[in-house]
Amino acid sequence: MASLVSSPFTLPNSKVEHLSSISQKHYFLHSFLPKKTNPTFSKSPKKFQCNAIGNGLFTQTTQEVRRIVPENLKGLTTVKIVYVVLEAQYQSALTAAVQTLNKNGEFASFEVVGYLVEELRDENAYKTFCKDLEDANIFIGSLIFVEELALKIKSAVEKERDRLDAVLVFPSMPEVMRLNKLGSFSMSQLGQSKSPFFQLFKKKKSSAGFSDQMLKLVRTLPKVLKYLPSDKAQDARLYILSLQFWLGGSPDNLVNFLKMVSGSYVPALKGVKMDYSDPVLYLDSGIWHPLAPCMYDDVKEYLNWYATRRDANEKLKSSNAPVIGLVLQRSHIVTGDESHYVAVIMELEARGAKVIPIFAGGLDFSGPVERYFIDPITKKPFVNSVVSLTGFALVGGPARQDHPRAIEALMKLDVPYIVALPLVFQTTEEWLNSTLGLHPIQVALQVALPELDGGMEPIVFSGRDPRTGKWKSHALHKRVEQLCTRAIKWGDLKRKSKAEKKLAITVFSFPPDKGNVGTAAYLNVFASIYSVLKDLKKDGYNVEGLPETSAELIEEVIHDKEAQFSSPNLNVAYKMNVREYQKLTPYATALEENWGKAPGNLNSDGENLLVYGKQYGNVFIGVQPTFGYEGDPMRLLFSKSASPHHGFAAYYSFVEKIFKADAVLHFGTHGSLEFMPGKQVGMSDACFPDSLIGNIPNIYYYAANNPSEATIAKRRSYANTISYLTPPAENAGLYKGLKQLSELIASYQSLKDSGRGPQIVSSIISTARQCNLDKDVDLPDEGQEIDAKERDLVVGKVYSKIMEIESRLLPCGLHIIGEPPTAMEAVATLVNIAALDRAEDDISSLPSILAATVGRNIEEIYRGNDNGVLRDVELLRQITEASRGAISAFVERSTNSKGQVVDNSDKLTSLLGFGINEPWIQYLSNTQFYRADREKLRVLFQFLGECLKLIVANNEVGSLKQALEGKYVEPGPGGDPIRNPKVLPTGKNIHALDPQSIPTTAALQSAKIVVERLLERQKVDNGGKYPETVALVLWGTDNIKTYGESLAQVMWMIGVRPVADTLGRVNRVEPVSLEDLGRPRVDVVVNCSGVFRDLFINQMNLLDRGIKMVAELDEPEDQNFVRKHALEQAKTLGIDVREAATRVFSNASGSYSSNINLAVENSSWNDEKQLQDMYLSRKSFAFDCDAPGVGMMEKRKVFEMALSTADATFQNLDSSEISLTDVSHYFDSDPTNLVQNLRKDGKKPSAYIADTTTANAQVRTLSETVRLDARTKLLNPKWYEGMLSTGYEGVREIEKRLTNTVGWSATSGQVDNWVYEEANTTFIKDEEMLNRLMNTNPNSFRKLLQTFLEANGRGYWDTSEENIEKLKQLYSEVEDKIEGIDR
């Protein structure tokens, strides 16, 4: 097994004698299973120190590189100009203009100083800025769209505005635009008046941002002047001329601009005649090539020039050359800051590609894209792929975006769309030294927003160097090479025939074990690959030798064909010797620090590196190696993750350079490539994800409900992520004793007033005890006399509990790509979609419509049900049944005899037109809800009809084929289809959301409810006292799905509220008064997942600012626990209060997870203390809003002290398909036992889970949630039979749930003994079940046995000697079977 598993704690050849000591509690699993030691290269854990450079901010340049003071004054008037811009391209042109004016020195001397918006974060820079304004004549601002900085600029300029001779602000936020003043022309009324200028700023849904509106204004100047009184007309005309000069941006235009403004508005120059020429107007949009004689606005003319170029070789002019379209910003071309553009054009041409570089003056590039890239006659694209070098969204730039308009243009174009990044706020050196990579504001504006257009591959291609004094952009040559090669490779997919294309399908095996090959969330991987390959074969791809069934496909990949029947090795596709490996892998030496010299002992036979997999014609199915350190407890303690090992690197070198793949398809959620060490966003050559993926186009099937990790794959491994559906959901239903209970409750309701009532209640109580419900419901002692009212309450509470179990949604089985659910399988999903009010669309939820029919409010019914009021529990059950019935009736009428949804449009119109015959009305007419509001029902069912079409649509294989053919894959949001049906249909290029848009107002409302319930619950469990501190987790995906609910929960606990700016973006928080809050401010310790840290660094900044703000409020300590603890900790640690109030933690940049999950999954841990050390060493990196550029800094002392005050731990569950035991992330982030160890009183904190998966949000204890999970999944025949129906993968899913349950025992101790006992009864004591598991996937079955033995060995499961003996016996048998020993 060593070739497959890196762990020294595998279970090879172990026989029963080694297991005899298993029942002694103090032995741990790997101490009684023989070890195979692997020489590892663990060095002692290193301490990582992040030194704050300079001011601790991202942008450490200063305005001084942009200051020009005239040397020779000649007694002339000095005009001082201060400017602030977003990007630096204006610097060189303005500098040149001022130098020209000073050299000529006719009328005045010019002093100028410029600031980049981001530099004003630094207090010293801001002070200098304010000082510069004090004696300035003219202020100029442009593209100021970051709210907190816009407000700083506003307050500084406002103080001087009346004194300044002129204030010119070009497209920026309205607050800054109002500062404009030129003589009598002013925009201070902006927002109140009806002036045409104001109309620009009205929020228009389709607005492509201000600058395009302004360009229109510039062009329609004469019409506009009609509306202005004559004395203002002249000043307004000069403002618009100024804008034309500014947008024209060349040194000549800026010379004339400065002459015009100074001559007209600086009092000392009033009498001087300063002649200026009109603006030189450039094309608003067109085609530009550095060697072309002019700019073109006709693509045919440009291509004619291209064909006659003397400097170009014939290959470049040939019609077979690839053609790449580039999108450029006009301001860079006209200001002469275009060397980075030239470098990309030259590199593409050197690689044999023709280039069509287009530009636009405004911020809407959609028109030029359609005009210059698409042949007007054939409607076919001229280009094979497009690279935008602007970094901005296609429509709207940094201001307001119009994504639907962008998508429409890109779908017409239908080629891969790459958005590369110029560094805007950092110098090259700052970016190279930063562990975060790109500046957070640039990530929000230039990575997150283009992703919403379907943009891919955020490769940094140019930087800036302040030392040249020119501050111009320069190309980063290695990055430019990679960008150009990748763009051509994507283009080649459009040019090559299907028969010659090579595809490398990559599957994952996690944790490393033969039973785990093909792991992916919710996906039947091999059946999906088989279905995709059959389709590709039919389509003309070469898939030679594809076996007859998916089961045979599994066998061929996971068995070494040369070994005896069952070998521990996978099929070896290629053996790579060390010399070849080093030649093909330029970064191989960088891996030696962690792994020693190649070949090492992972994926190697001692001499060669082994690539596992199997080739079918032009398709290779390969197994991605794992991290490699999951079995080494010492490495798991390191605070930073190790590099990939040699075997991992060899795999990707093979795929790119030996197999020569045209594309790689990563199959399912998710592998480890994108989680390798490197910058968070904006990779450099030294980042491992970038080195590994090399130049291969990366297509990645990703679960639609996991947009956050999909986004990491997009940004760090340049993936085109295509979403797949999670399996259809069903209600968990009832079984065994639970079913019996529901029958007893039904008879109690009909007979409770007869003499049999008390007798039935005592049966209910004893059955509930047998089902272990006594942990969830307070049951009276058996034989205790209780009156009728109490009997109703006991029955109500048991009933409420079993209805909660029955209606829980669970995904049944595993999804197969390209097989959408049938209409009837979609019913449970539709019922849940119908259960949510959608106020923004005026859609009422079905339960609320039905409740209103009987004169009740649904929220009251939910509360009554939660409190066990029998009448309400029964009514809620009737509402649920009626909802299911009405929706089933509707779906039946929308499908044909085969169960497929027929084109609903006709059927729905006829259904919706028939009043009396509407299927839901017919169904409800036989229930108590027959008087339900018809209009509301009609609106709701129209919406459900749309949703049904989306659920059963099948685009997953179609989108893959589009990607493989070099076409554009339509983007769409990822998330929970129940909350946001726009996630459907799947097969979209999945994206997250604009990080500055959360938390939304609705999310804050939901968060308040959950926080109040949590605090109430904790008061009940804590003697009426509020918790002083809550330790909680923020996940990336949860916050995308809920638009920031858990983020808003943290804000509400500490008592601050988010404040949106005029563009609706959240970049500020303000405190809520104690009076409005009505309770003390609760302290928090926030553990952000590595993915949250990567996607939402702006929100971490916001939280950190909010917490520090609250710590500094002058409030009584018993009303502000944040302040109370910060003061105590500041005193103990000898630091200031702001630093002591550090509460926002995560991993070190480029590392993910606490590794507890790896340790538990691979049984590579000794005791719980070791797990707690992993958590502390990996999760104690803090974010500091006062020094955001430093990245994550280790602050373990503050972290431990903050955790030691926690009274409660808390996590959120937000969608039905992922619960606590489905994935290992939840226990990996759970600090419950750790907090107990850190607390001075050694008290265990309460542990809570908020469940917002249904309209009736709940806060449960962790142990209640684990029990609910066990009952609805692991122990539920409906769930495990659904899994087993998928074969090999199903056994692994069962084993995974049990392993994750052990994880919860290890981190929280909140798993009841009966859960393990019942699991043993279900899977081991039942002979038939046991044989099915053993025969279907012996490797995963062995792991299941190992997990049972481990649970017992670690003291989490107390069971009979007989059960343990049987497990040992089975373990021995399955070992023999796997090793191929026949006894």
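As a basis for the values below, the full set of heavy atoms in this structure was taken, side chains included, without hydrogen atoms, waters or symmetry mates.
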Value rounded to 0.5 Å, distance of CD1 in Ile1054 from CZ in Arg1143: 10.5 Å
Can any side-chain N or O of Arg1065 pair as donor or acceptor with the backbone N or O of Asp994 at less than 3.5 Å? no
Looking at Glu148 and Arg121, is there a salt bridge between them, counting it only when a charged N and a carboxylate O are closer than 4.0 Å? yes
Might you work through the side chain to side chain donor-acceptor pair (under 3.5 Å) test for Arg1081 and Gln1119, ending with a clear yes or no? CA-CA 6 Å; Arg1081 300 184 194 278; Gln1119 290 301 300; over 6 Å; no
Does Arg1068 pair with Asp1061 as a salt bridge, N-O distance under 4.0 Å? no
Thr1301: side chain to side chain contact (heavy atoms under 4.5 Å, CB included) partners, not counting sequence neighbours: Thr1221, Val1311, Val1315, Tyr1316
Ring pair (Phe, Tyr, Trp, His ring centres under 6.0 Å) partners for Tyr1248, two or more places apart: none
Only counting residues at least two apart or in another chain, list the ones meeting side chain to side chain contact (heavy atoms under 4.5 Å, CB included) with Lys1131. none
Which pairs, with at least one residue in residues 1081-1111 and sequence neighbours excluded, count as a ring pair (Phe, Tyr, Trp, His ring centres under 6.0 Å)? Phe1092-Phe1096
Backbone N or O of His439 within a donor-acceptor pair of the Gln426 side chain at under 3.5 Å? yes
Taking side chain to side chain contact (heavy atoms under 4.5 Å, CB included) as the definition, give me every residue that meets it alongside Ala1007, ordered by chain and number, with sequence neighbours left out. Ala1048, Gln1049
Just by distance, do the side chain of Thr1265 and the backbone of Thr1261 share a donor-acceptor pair under 3.5 Å? yes
Side chains of Asn706 and Thr669: is there a donor and an acceptor less than 3.5 Å apart? no
Consider only side-chain N and O atoms of Ser1154 and Asp1228, and report whether a donor and an acceptor are under 3.5 Å apart. yes
Taking Asn594 for the side chain and Ser643 for the main chain, is one N or O donor matched with an acceptor at less than 3.5 Å? yes
Strictly distance-based, threshold 3.5 Å: is any side-chain N or O of Trp431 a donor or acceptor partner for the main-chain N or O of Gly682? yes
Partner of Phe1227 under side chain to side chain contact (heavy atoms under 4.5 Å, CB included), chosen from Val1266, Asn1300, Leu1262: Asn1300
Is there a donor-acceptor pair under 3.5 Å between the side chain of Lys714 and the backbone N or O of Ile990? yes
Are any of the side-chain nitrogens in Glu1200 or Lys1240 under 4.0 Å away from the carboxylate oxygens of its partner? no
With distance as the sole test, does Thr1142 use its side chain to make a donor-acceptor pair with the main-chain N or O of Glu1139 at under 3.5 Å? yes
Salt bridge (charged side-chain N to carboxylate O under 4.0 Å, His left out) partners of Asp1214, counting only residues at least two apart: Lys1041
Would you kindly say whether Asp1094 and Gln680 are connected by a side-chain donor-acceptor distance under 3.5 Å? yes
Between the side chains of Gln1018 and Asp1207, does any donor sit under 3.5 Å from an acceptor? no
Do the ring centers of Trp1035 and Tyr1226 come within less than 6.0 Å of each other? yes
With sequence neighbours excluded, residues passing salt bridge (charged side-chain N to carboxylate O under 4.0 Å, His left out) with Glu1117: none
NZ/NE/NH1/NH2 to OD/OE distance under 4.0 Å, Glu451 and Arg715: yes
Under the salt bridge (charged side-chain N to carboxylate O under 4.0 Å, His left out) rule, collect the residues that match up with Lys679, sequence neighbours excluded. none
Would Asn1087 and Tyr1175 count as a side chain to side chain donor-acceptor pair (under 3.5 Å) if you check the C-alpha gap in whole Å, the side-chain angles of each, and the deciding distance to 0.1 Å? CA-CA 10 Å; Asn1087 163 13; Tyr1175 188 94; 3.0 Å; yes
Close side-chain approach of Val681 to Arg716, heavy-atom, < 4.5 Å: no
Would you check, one step at a time, whether the test salt bridge (Lys or Arg N to Asp or Glu O under 4.0 Å) holds for Arg1260 with Asp1251? CA-CA 8 Å; Arg1260 301 188 184 90; Asp1251 178 343; 2.7 Å; yes
For Ser1006, the side chain to side chain contact (heavy atoms under 4.5 Å, CB included) test, sequence neighbours excluded, returns Glu1045
Donor-acceptor check, side chain of Arg1079 to backbone of Tyr1026, threshold 3.5 angstrom: yes or no? no
Does Arg1354 make a cation-pi contact with Trp1165, if we ask for NZ or CZ under 6.0 Å from the ring centre and within 45° of the axis? yes
Is the closest side-chain heavy-atom distance between Asn1147 and Phe1181 below 4.5 Å? no
Going through the distances and angles, do Asn1233 and Lys1244 end up as a side chain to side chain donor-acceptor pair (under 3.5 Å)? CA-CA 7 Å; Asn1233 283 351; Lys1244 190 163 211 153; 2.9 Å; yes
How about Asn1098 and Gln996: does a side-chain donor come under 3.5 Å of a side-chain acceptor? no
Would you say the side-chain atoms of Asn1101 pair up with the backbone N or O of Asp1104, donor to acceptor, closer than 3.5 Å? no
Do any N or O atoms from the side chain of Ser717 and from the backbone of Ala713 form a donor-acceptor pair under 3.5 angstrom? yes
For residues 1120-1128, which side-chain donor-acceptor pairs fall under 3.5 Å, sequence neighbours excluded?
from    : atom 1 : to      : atom 2 : distance (Å)
Asn1120 : OD1    : Val1122 : N      : 3.2
Asn1120 : OD1    : Arg1123 : N      : 2.8
Asn1120 : ND2    : Val1110 : O      : 3.0
Asn1120 : ND2    : Glu1115 : OE1    : 3.0
Arg1123 : NE     : Leu1113 : O      : 3.3
Arg1123 : NH1    : Ala1111 : O      : 2.7
Lys1124 : NZ     : Glu1028 : OE1    : 3.1
Lys1124 : NZ     : Glu1028 : OE2    : 2.9
His1125 : ND1    : Thr1029 : OG1    : 3.2
His1125 : ND1    : Asp1083 : OD2    : 2.9
His1125 : ND1    : Phe1121 : O      : 3.2
His1125 : NE2    : Glu1028 : OE1    : 2.8

Sort and list the pairs that fulfil ring pair (Phe, Tyr, Trp, His ring centres under 6.0 Å) and have at least one residue in residues 1136-1158, not counting sequence neighbours. Phe675-Tyr1152, Phe1145-Phe1199
Any side-chain donor near an acceptor of the partner, Ser1046 and Asp1038, under 3.5 Å: no
All salt bridge (charged side-chain N to carboxylate O under 4.0 Å, His left out) counterparts of Asp1241, not counting sequence neighbours: Arg1239
Quick one: CG on Leu1234 to OG1 on Thr1307, what's the gap to the nearest 0.5 Å? 10.0 Å
Test side chain to side chain donor-acceptor pair (under 3.5 Å) applied to Asn1162 and Ser1164, step by step: CA-CA 5 Å; Asn1162 294 279; Ser1164 48; 5.3 Å; no
State the CD-CG distance between Glu429 and Leu423, to the nearest 0.5 angstrom. 12.5 Å
Spacing of Glu1264 atom CD and Gln1310 atom CD [to the nearest 0.5 Å]: 10.0 Å
